[in-house]
Amino acid sequence: MLFTSRLLVAALLQAVLSQAHKEPKSDREIEVQRALQAAAYHCAPTVESFTAARKQSWAQRVLSGNPYLPGYQQLFSAETYTDLPDKPHNADELTTDDDETFMKCTPISDTHIQNNTCVLAPEVTEGPYYHTEGHPIRQNIAELQDGLLLLLDIGVIDVETCQPLPNVLVDIWQANATGSYAGHPFPHAHLINEEPAKEGRRRGLLSAYPRTVHEETWLRGAWPTDKNGVVQFTSIYPGYYTGRATHVHTKVFPEWSVIPENNTFKAGRLAHTGQFFFDEDMNMIVDKMYPYVTNPIKDIRGRTRNWQDSLNIFHDSHGPEGKYNPVFKVHLLGGVVSQGLIAYITMGVNASASYDNWWKG
């Protein structure tokens, strides 16, 4: 099954690389997504145990018996995941109470946590706010932005091998608590009174804000995965803006080089572009917290829910058959929400893919 999926992915991928991310998606692009999905489902037990092992390790080393918010050094301890196996657990070692199979995306339980499987985001648009140059190589991307502490724990596996991918660069960027992106504070002067689109795929959206403050880098950053295929970031819970559900953008680069003069990177081969989302119940809780309550569109247009996401991005992130899961699994860092959250997700990517690293608009 895996060998067949590999052949199908390889054959179809060559035919569509130059068309990646264009809209509408062609039948051939959809076939590529389906092939990737089939490969990912073959890896579902591995994804399951991979994420569960990370959660167990985190709970044992940082949260177990510690009622207080861990310090920064604990959050990024080099020892956090050293006890993960060199290869993910065999799926046969994991069972569920009701004996259902992992291939049906059923949850498993362990001493500390509940985990979901089949977590793989397909290729979706990068959006207009990506900076092709200048994203710092760092784990703490918050800078001086105020908001709810959010730790992102992102695993990356190769769907061709079902193995974690070490030393691939995970690049992320997001909006701040009031829905703004670094470098893009204001709309074009002639669009200052623009109203959201009333219909079509852009329903609810405004035109993209131009980049006018080139030195801003907050809530942007990249870091390579460790030997276990895991990367962590310190951030804040993102805010919302007109037409888009709350989300975090990501790209994965198997090849890149460091620019030592400013600690940024030169992008090489791009293997994945995706977006992650949050559960609506958590979004609604965070909406009531400061500074999220100061969002300028709170009482004008309000938030866009996941199922209302413009450009069908939330929908597309579930894949052609709707079986991916682009939503973070979130847990409290302390005893209450205000002490912060840790969000887990695992990306399944085709490590041999190569896409254009620029927005197709």
Side-chain angles (χ1 to χ4, degrees), residues 16 18-34 37 121-131 173-181 183-212 238-251 273-284 286-287 292-328 355-356 358-361:
V16 300
S18 63
Q19 302 298 318
H21 309 315
K22 289 184 178 180
E23 296 293 346
K25 291 183 177 68
S26 68
D27 290 342
R28 187 59 62 90
E29 285 181 273
I30 290 174
E31 285 305 308
V32 169
Q33 285 194 355
R34 286 175 175 154
Q37 181 171 319
E123 306 301 316
V124 297
T125 179
E126 71 185 51
Y129 298 119
Y130 181 65
H131 297 170
W173 67 103
Q174 64 171 78
N176 67 6
T178 54
S180 294
Y181 282 90
H184 305 261
F186 305 113
H188 289 283
H190 68 285
L191 294 175
I192 195 167
N193 295 317
E194 180 188 22
E195 290 296 319
K198 296 285 193 295
E199 57 187 5
R201 284 179 54 80
R202 289 186 54 82
R203 184 176 182 273
L205 276 182
L206 298 173
S207 299
Y209 288 13
R211 185 178 180 185
T212 55
Y240 60 88
Y241 53 96
T242 301
R244 286 304 319 276
T246 299
H247 61 281
V248 174
H249 295 266
T250 187
K251 289 191 174 188
T273 300
Q275 296 186 29
F276 304 132
F277 297 85
F278 297 85
D279 183 80
E280 278 294 346
D281 289 341
M282 184 58 69
N283 286 337
M284 301 305 286
V286 175
D287 280 354
Y292 300 90
V293 293
T294 66
N295 192 312
I297 66 170
K298 173 179 174 290
D299 298 319
I300 302 173
R301 305 183 188 100
R303 77 153 43 252
T304 297
R305 303 296 185 90
N306 287 340
W307 59 87
Q308 300 170 318
D309 198 22
S310 294
L311 300 177
N312 293 328
I313 294 175
F314 180 75
H315 176 270
D316 286 351
S317 294
H318 287 77
E321 273 79 36
K323 294 181 180 178
Y324 294 124
N325 182 2
V327 179
F328 283 111
Y355 296 107
D356 294 329
W358 52 278
W359 187 45
K360 307 302 185 293

Undergrad: Apply the test side chain to side chain contact (heavy atoms under 4.5 Å, CB included) to residues Ser207 and Glu194: give CA-CA distance (whole Å), side-chain angles for both, the deciding distance (0.1 Å), then the verdict.
TA: CA-CA 8 Å; Ser207 299; Glu194 180 188 22; 2.9 Å; yes
Undergrad: Check Thr212 against Pro185 and note the closest heavy-atom contact, atom names and distance.
TA: OG1-CD, 3.5 Å
Undergrad: First locate atom CG of Asp316, then atom CG of Asp309, and finally report the distance between them rounded to the nearest 0.5 Å.
TA: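 It comes to 9.5 Å.
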Undergrad: For Val248 and Phe278, what are the C-alpha separation, side-chain angles and deciding distance, and is it a side chain to side chain contact (heavy atoms under 4.5 Å, CB included)?
TA: CA-CA 9 Å; Val248 174; Phe278 297 85; 4.0 Å; yes
Undergrad: Output the distance between atom CD (Gln174) and atom OG1 (Thr250), rounded to the nearest 0.5 Å.
TA: 11.5 Å
Undergrad: CZ of Arg203 to CG of Leu205: how many Å apart, nearest 0.5 Å?
TA: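 So the gap between those two atoms works out to 11.0 Å.
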Undergrad: Supply the atom-to-atom distance Phe314 CZ to Leu311 CG, rounded to the nearest 0.5 angstrom.
TA: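 That separation rounds to 14.5 Å.
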Undergrad: Tell me, please, which residues at least two apart from Glu195 pass side chain to side chain contact (heavy atoms under 4.5 Å, CB included).
TA: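 By the side chain to side chain contact (heavy atoms under 4.5 Å, CB included) rule, Glu195 matches Lys198, Arg301.
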Undergrad: Please name all residues satisfying side chain to side chain contact (heavy atoms under 4.5 Å, CB included) with Glu280, sequence neighbours left out, ordered by chain then number.
TA: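 Counting only residues at least two positions away or on another chain, Glu280 forms a side chain to side chain contact (heavy atoms under 4.5 Å, CB included) with Asn283, Met284, Arg303, Arg305, Asn306, Trp307.
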Undergrad: List in chain and number order the residues that pass side chain to side chain contact (heavy atoms under 4.5 Å, CB included) with Ala197, two or more places apart in sequence or in another chain; answer none if no residue qualifies.
TA: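 By the side chain to side chain contact (heavy atoms under 4.5 Å, CB included) rule, Ala197 matches Arg202.
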Undergrad: Between Arg201 and Asn312, which heavy-atom pair has the shortest distance, and what is it?
TA: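 Scanning both residues completely, I find the closest heavy atoms to be NH1-ND2, 3.0 Å.
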Undergrad: Is Ile300 atom CD1 crowded by more than 12 heavy atoms from other residues, nucleotides or ligands, each under 6.0 Å away?
TA: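 It does: Ile300 CD1 has more than 12 such atoms within range.
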Undergrad: Quick check for you: to the nearest 0.5 Å, what is the distance between Gln275 atom CD and Thr125 atom OG1?
TA: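 Reported value, rounded in 0.5 Å steps: 7.0 Å.
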Undergrad: Pro187 and Pro210: which non-hydrogen atoms are nearest, and at how many Å?
TA: C-CD, 3.9 Å
Undergrad: Check for a donor-acceptor pair, side chain of Thr242 on one end and backbone N or O of Leu206 on the other, with a separation under 3.5 Å.
TA: no
Undergrad: Any side-chain to backbone donor/acceptor pair from Thr304 onto Ala245? Under 3.5 Å, distance only.
TA: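 Not a single qualifying donor-acceptor pair exists.
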Undergrad: State, to 0.1 Å, how close Phe277 and Thr246 come at their nearest heavy-atom pair, and which atoms those are.
TA: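 Closest approach of Phe277 to Thr246, heavy atoms only: CD2-O, 3.4 Å.
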Undergrad: How would you list, by chain and number, every residue that makes a ring pair (Phe, Tyr, Trp, His ring centres under 6.0 Å) with Tyr292, sequence neighbours excluded?
TA: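 Residues passing ring pair (Phe, Tyr, Trp, His ring centres under 6.0 Å) with Tyr292: none at all.
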Undergrad: For Thr294, which residues count as a side-chain hydrogen bond (donor to acceptor under 3.5 Å, both in side chains) partner, sequence neighbours excluded?
TA: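 With sequence neighbours excluded, Thr294 shows a side-chain hydrogen bond (donor to acceptor under 3.5 Å, both in side chains) to no residue whatsoever.
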Undergrad: Specify whether Tyr129 and His184 have parallel, tilted or perpendicular ring planes, treating 30° as the upper limit for parallel and 60° as the lower limit for perpendicular.
TA: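 The arrangement is perpendicular - the two ring planes meet at more than 60°.
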Undergrad: So, using side-chain hydrogen bond (donor to acceptor under 3.5 Å, both in side chains) as the criterion, who are the partners of Tyr181 when residues are at least two apart?
TA: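 Tyr181: side-chain hydrogen bond (donor to acceptor under 3.5 Å, both in side chains) contacts with Tyr241, His247, His249.
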Undergrad: What is the minimum heavy-atom distance between Ser310 and Gly243, and which atoms define it?
TA: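 In terms of heavy atoms, the two residues are closest at OG-O, 2.8 Å.
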Undergrad: Under 4.5 Å between any side-chain heavy atoms of Lys251 and Tyr130, yes or no?
TA: yes
Undergrad: Are Ile192 and Phe186 packed together at the side-chain level, in the sense that at least one heavy-atom pair is separated by less than 4.5 angstrom?
TA: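 The answer is no; the side chains never approach within 4.5 Å.
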